[in-house]
Amino acid sequence: MTPRQAVRRPGHDDAARAEELSRRFAELYGHAPDGVWRAPGRVNLIGEHTDYNEGLVLPFAIDRSAMAAVRLRRDPGPAPEHGQEHGPGHGEEREPAGHDVVDLASTWAPDGSGLSRARFRIPQLRPGTVPGWGAYPAGVVHVLDGLDGVEVPGFELLLDSTVPVGAGLSSSHAVEVATVVALNDLLGLGLDRPEMARLTQRAENEFVGAPTGIMDQSASLRARAGAALFLDCRSLEAELVPLPVAEHGLTVLVIDTKVAHSHADGGYGARRASCERGAAALGAATLRDVPDGADLGVLDEETARRVRHVRSENRRVLETVTRLRAGDVRGIGTLLTASHTSLRDDFEVSCPELDLAVDTALAAGAVGARMTGGGFGGSAIALVPAARADRVRDVVTEAFAAAGLRAPDVFAVAPGEGAGRVR
Ligand code: ADP
Ligand code: MG
């Protein structure tokens, strides 16, 4: 087994996964699904905390995805009678399905207890009415149902995902995107990918209540295999940039620190507020509008560092794209590491575990490494020579053990295909 295979987890055959999911769907719901759709998680190569500042990002879709088997209700049972909605007093009773009832199931449960289920009626959807993970698909349904001329019928859905939850690889967006591509196809809505990205962002902002940007959904929807997505979060113009990592003898390792984080955490909101304050103090609508020579001296010291990160990060994204276009994959390593330093010192969203992952990966031979995602935990990425991937994994794992930390999960990811129908 080559070192590169050693850190790659087996079992990513989409067709076989989809077949197995269809089988489980039939077992659960008593009939075959209409189809199976997949939506990948993402790694943000560079461009962190720039998305909500209308800046530049460069994520790629990874070869791990959420898969959803879905069947629209076409033989509606009797519509639930008045007052029969799911709620207190109805316990776990499964009522006869009405035409507007959505049944959700996932092979993942928050407590690791196997299948978890949720049920709601579409007309009764309001923010806060669907607890837990069901809010992600429910938010998508709610937003689509609110579009002019669209009425989403009830459906059954079974979800299975290989995107690790809470690792900063956007497992939540994978769930939303799998739902939106499935409904777009089944209902013939004809939405294009930028539209679907905007709608899932609205689902997340308005229904789930998380003030997240547009990058994660865009990566899942618009990235392609072997490429990164150079996305301007202001215009939403996107361009695919070749990312031939393996061809250059390199591997991207994800180091999941297993430190819990949540975008709902105050830190994320505080950074957004800081950026808005900074832009306003500089007389600009967003940090994207601040001219290059602007005097940051009018800002307090902390806000100035926040602004400096966002602006320098935008420049690093541009430089990364330039180097990738020139075929210099190895050359982006120093930019990744510079991004981490800026996120650690200027934006202050790293944490000891992420710093340890980055520092030890670099010491073990990575050509570049950085935290990725919102920060305060989650994952780091390291660009490593393929032949050193095992060594880097071992050194990082040993360093975590020596520091008395929980063992990180270290695995390779490749730039994979964007969301779509599998069968
Ligand atoms: P991440 O960085 O992985 O997106 P989040 O905290 O934003 O972390 O999202 C994780 C949440 O997404 C989970 O708590 C759950 O609600 C939902 N989720 C992710 N994967 C699944 C899945 N396979 N089945 C059900 N819900 C999921
Ligand atoms: Mg998320």
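Indexing begins at 1, ligand by ligand and atom by atom, following the structure's order.
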Return a yes/no value for [X]: is any of its N or O atoms, backbone included, closer than 3.5 angstrom to an N or O of ligand 1?
X	value
G168	yes
V165	no
S171	yes
S172	yes
H173	no

When rounded to the nearest 0.5 Å, the distance separating CG of D34 from CG of D185 is 11.0 Å
With no hydrogens and no angle check, just 3.5 Å: does a side-chain donor-acceptor pair link [X] and [Y]?
X	Y	answer
H142	E206	no
W133	S116	yes
D289	T286	yes
R316	S342	yes

Among the heavy atoms of A109, does any lie under 4.0 Å from an atom of ligand 1? no
Check for me whether A66 has a heavy atom closer than 4.0 Å to any atom of ligand 1. no
Does a salt bridge link [X] with [Y], judged by any charged N lying under 4.0 Å from a carboxylate O?
X	Y	result
R391	D394	no
R311	D346	no
R306	E348	yes

Ligand 1 atoms in contact with [X] (distance to a heavy atom under 4.0 Å):
X	result
S161	23 (N)
P164	3 (O)
S106	22 (C), 23 (N), 24 (N), 25 (C)
G166	1 (P), 3 (O), 8 (O)

Side chain, backbone, both or neither: [X] near ligand 1, heavy atoms under 4.0 Å:
X	answer
L159	side chain
A174	neither
S170	backbone

Using a distance threshold of 2.8 Å, state whether an N, O or S atom of S172 lies below it from the Mg ion (ligand 2). yes
Residues in salt bridge (Lys or Arg N to Asp or Glu O under 4.0 Å) contact with R23, at least two apart in sequence or another chain: E20, E27
Just distance, no hydrogens or angles: give the donor-acceptor pairs under 3.5 Å from side chains in residues 358-367, sequence neighbours left out.
from, atom 1, to, atom 2, distance (Å)
T360, OG1, L356, O, 2.6
T360, OG1, A357, O, 3.4

